[in-house]
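Hydrogens, waters and symmetry mates play no part in the numbers below; they use all other heavy atoms, side chains included.
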Amino acid sequence: MSIKEAEAQLSSAGTTTDAALKSATLLQIEGLCIEGQSEERWHRIVKGIGLTLRRGEVLGLIGESGAGKSTIGLAAMGYARPGCRITAGRVVFNGRDLLQLGESDLRRLWGSKIAYVAQSAAASFNPAHRLIDQCVEAVVGHQLTAEDNAKRNAVDLFRRLRLPAPDQFGLRYPHQVSGGQLQRAMTAMAMACRPDLIIFDEPTTALDVTTQIEVLAAIKDIVRQFDTAAIYISHDLAVVAQMADRVMVLRYGELVEEAPTRVMLSNPQMPYTKSLWAVRSLRKEEEAGEKILLDVSGVDASYGTFKVLHDVNVKLPRGRTVAVVGESGSGKSTLARVITGLLPPSSGSIRFDGKKLPARLKERDKDLLRRIQMIYQMPDTALNPRRRIRDILGRPLKHHLGLTGAARQRRLLELMRMIELDERFLDRLPSELSGGQKQRICIARALAINPELIICDEVTSALDQLVAEEILKLLLRLQKELNVSYLYITHDLATVKAIADEIVVMHQGRVVESGPKSQVLTPPHHAYTELLLSSVPEMDPDWLDAILAKRQGAELGASPSG
């Protein structure tokens with residue numbers, strides 16, 4: 001029986017008591033205060049937050065980067081990350097205050113009763129172990145079932161999450177799958193124990209729009225099927241609209257507004273909430289320049305004997321942006337590796353500024369390396385966790401531009417102003433920054449040495465929409481001022497509409513459609529482009545169910561009768 005049915009029966013019998021309502025409550029947080037340490041000082045980052053979560057209910061947490069969303073999500077497990085401390089409040093899970101439990105008791109709950117799906121899958125898996133072994137580790141460790149049965153259940157989760165060849169998928173190592181596939185594997189790992197509560201911290205950040213639909217549908221199905229409660233942390237308002245029953249809007253560690261999702265979408269009350277809803281900017285199209293900076297012609301590329309790119313052609317004019325769009329595994333990031341010299345093409349050619357680009361990184365001189373920079377998808381794995389931001393940004397300044405002393409310091413301060421972070425962040429470690437702040441540091445590092453081409457690999461995927469809009473504005477301003485060119489790899493078509501001059505659509509390693517933005521986004525579309533466009537979530541709580549029903553109907557219509 002669902003919670004709603006139980007409450008209806010209690011209400012009709014006139015026996016809706018405090019005790020009955022309490023039995024339906026899985027998680028109760030009261031007066032939660034958390035402090036973070038910076039420069040040997042403690043400052044409050046979560047300020048008296050309270051929330052209630054019932055079984056089978058999904059609560060959405062949204063807000064800017066640094067609003068405290070992930071910190072609150074971790075606190076719901078009774079955990080504070082290094083550099084943070086919980087100073088006040090209660091976190092009552094299933095009648096037990098987690099803040100009063102010892103580490104051994106908490107560890108018995110983690111994984112079995114409470115699970116966490118992190119934002120960065122690449123940083124969450126052990127590269128030395130196969131995926132299947134990592135996915136069943138918690139199940140076997142908590143003695144919930146035998147290992148053989150746990151592996152069968154894991155394969156079933158792989159299948160439901162639309163992972164390729166689910167029977168064999170778990171035999172791979174983390175580096176042998178795409179970022180989107182790894183994110184889904186982490187979702188399967190969290191779901192394996194069938195926990196009572198799952199904290200989803202941006203679980204679809206790294207996924208393309210078509211894959212995102214399948215993962216969201218699987219998450220929604222499991223929450224319904226097993227009456228699992230979830231805290232869903234995201235900066236993507238349309239995704240929250242599909243998943244959450246209620247939404248909490250956070251800013252600077254404080255609650256701004258809370259309401260049922262449909263009420264919040266239709267009638268936000270606070271100015272800050274309204275500003276989140278209003279971020280839907282589009283860039284005016286301009287006429288493309290004529291001088292070609294990057295010319296990829298007939299490129300094939302392989303990993304061993306497996307061919308990934310097939311006759312890929314891309315032209316990028318100087319001072320313009322070409323967006324490369326496609327689902328996970330379509331070859332977007334492989335194309336970036338080929339251009340940067342990390343993976344030599346097996347055939348075809350690449351010309352940069354009219355000259356043939358050496359195929360291998362080690363064959364390129366120092367100035368050529370400076371002129372082509374890259375911003376990676378996963379800031380957690382792109383920044384050295386042992387180096388302070390000052391050193392991370394300062395190293396390329398010294399190596400490529402010879403800047404030291406006062407000149408180096410001036411450039412560091414300029415970069416921090418460009419990415420809108422306080423100069424005090426220069427003395428922090430990456431672990432002391434939020435996901436969005438870390439990505440902005442990655443952007444600053446790419447911009448530091450005045451490149452001509454920047455390859456942006458999902459550069460805003462880890463950012464909330466307000467921060468992402470500011471980053472896009474920054475990139476557009478820099479392009480106008482410096483005439484820099486962007487190869488913008490993404491699965492976010494809303495971002496494509498905002499920043500791209502031209503679009504290249506890739507599917508299974510091939511370019512299926514390309515041209516000016518106005519042409520590619522105007523019907524009729526190529527069938528695969530149409531699929532991508534129809535997969536962009538809308539600000540409608542019924543959108544996911546409607547799109548799945550439509551596709552299931554199309555599949556039934558295409559099946560042979562009888």
Do the charged groups of D542 and R262 touch, with an N to O distance under 4.0 Å?
-> yes

Please test R90 against Q28 for side-chain contact (heavy atoms from CB on, under 4.5 Å), starting from the C-alpha separation and ending with a verdict.
-> CA-CA 8 Å; R90 301 173 69 229; Q28 182 84 39; 5.8 Å; no

Hey, is the main chain of D245 close enough, under 3.5 Å, to the side chain of E57 for a donor-acceptor pair?
-> no

Ring pair (Phe, Tyr, Trp, His ring centres under 6.0 Å) pairs touching residues 56-77, sequence neighbours excluded, are none

I would like to know whether Y116 and Y79 meet side-chain contact (heavy atoms from CB on, under 4.5 Å); could you show each step before the answer?
-> CA-CA 11 Å; Y116 181 77; Y79 177 78; over 6 Å; no

Using modelled atom types only, decide if a donor and an acceptor are shared between the side chain of K69 and the backbone of G63 within a distance under 3.5 Å.
-> yes

Minimal heavy-atom distance between R445 and A382, with the atoms involved, is NH2-O, 2.9 Å

Heavy-atom donor-acceptor pair, T261 side chain to A244 backbone, under 3.5 Å | yes

Taken to the nearest 0.5 Å, the spacing of I233 CD1 from L74 CG works out to 7.0 Å

Would you indicate whether the side-chain heavy atoms of D380 and K438 approach each other to under 4.5 Å?
-> yes

Can you tell which of R390, M416, R388 makes a side chain to side chain contact (heavy atoms under 4.5 Å, CB included) with F425?
-> M416

Check I62 against S234 and note the closest heavy-atom contact, atom names and distance.
-> CG2-O, 3.3 Å

If you take all heavy atoms of I375 and I443, which pair is closest and at what distance?
-> CD1-CG1, 3.8 Å

Closest non-hydrogen atom pair between V484 and P451, with its separation = CG2-O, 3.6 Å

When rounded to the nearest 0.5 Å, the distance separating CG of L383 from CD1 of I389 is 6.0 Å

Any side-chain heavy-atom pair from Q183 and S328 closer than 4.5 angstrom?
-> no

Residues R411 and E414 bridged, charged N to O under 4.0 Å = yes

Using modelled atom types only, decide if a donor and an acceptor are shared between the side chain of E30 and the backbone of I49 within a distance under 3.5 Å.
-> no

With distance as the sole test, does K220 use its side chain to make a donor-acceptor pair with the main-chain N or O of Q242 at under 3.5 Å?
-> yes

R107 atom CZ: more than 12 heavy-atom contacts under 6.0 Å = no

Ring geometry between F200 and Y232 (parallel below 30°, tilted from 30 to 60°, perpendicular above 60°) | tilted

NZ/NE/NH1/NH2 to OD/OE distance under 4.0 Å, R96 and D196 | no

Side chain D97, main chain V91, donor-acceptor under 3.5 Å | yes

Rounded to the nearest 0.5 Å, how far does NZ of K113 lie from CG of L106?
-> 15.0 Å

NZ/K47: more than 12 non-hydrogen atoms of other groups inside 6.0 Å = yes

side-chain contact (heavy atoms from CB on, under 4.5 Å) evaluation trace for L182 with M186 = CA-CA 6 Å; L182 198 59; M186 187 167 61; over 6 Å; no

Judged by atom type as modelled, is there a donor-acceptor pair below 3.5 Å linking the side chain of E35 to the main-chain atoms of W42?
-> no

Any L426 side-chain heavy atom under 4.5 Å of L413 side chain | yes

Looking at side-chain heavy atoms only, is the closest gap between I114 and P195 below 4.5 Å?
-> no

Do N384 and P430 have side-chain heavy atoms sitting under 4.5 Å apart?
-> no

Interatomic distance, CG@L109 vs CG@L98, rounded to 0.5 Å, equals 6.5 Å

How close do I34 and C84 get, heavy atom to heavy atom, and via which atoms?
-> CG2-CB, 4.2 Å

Side chain of E257, backbone of Q269: donor and acceptor closer than 3.5 Å?
-> yes

Are any non-hydrogen side-chain atoms of C442 and Q439 less than 4.5 angstrom apart?
-> yes

Side chain of K517, backbone of A500: donor and acceptor closer than 3.5 Å?
-> yes

Checking side chain to side chain contact (heavy atoms under 4.5 Å, CB included) against I231, which of V58, I72, I198, L27 comes through?
-> L27

With distance as the sole test, does Y486 use its side chain to make a donor-acceptor pair with the main-chain N or O of L475 at under 3.5 Å?
-> yes

R440 bridged to E420 by N-O distance under 4.0 Å = no

Can you tell me how far the OG1 atom of T321 sits from the CD1 atom of I503, to the nearest 0.5 Å?
-> 11.0 Å

Interatomic distance, CG@N94 vs CG@L197, rounded to 0.5 Å, equals 10.0 Å

Contact summary for C135 and A192, nearest pair of heavy atoms | O-CB, 3.6 Å

Taking it one step at a time, do M270 and V249 satisfy side-chain contact (heavy atoms from CB on, under 4.5 Å)?
-> CA-CA 10 Å; M270 303 304 293; V249 180; over 6 Å; no

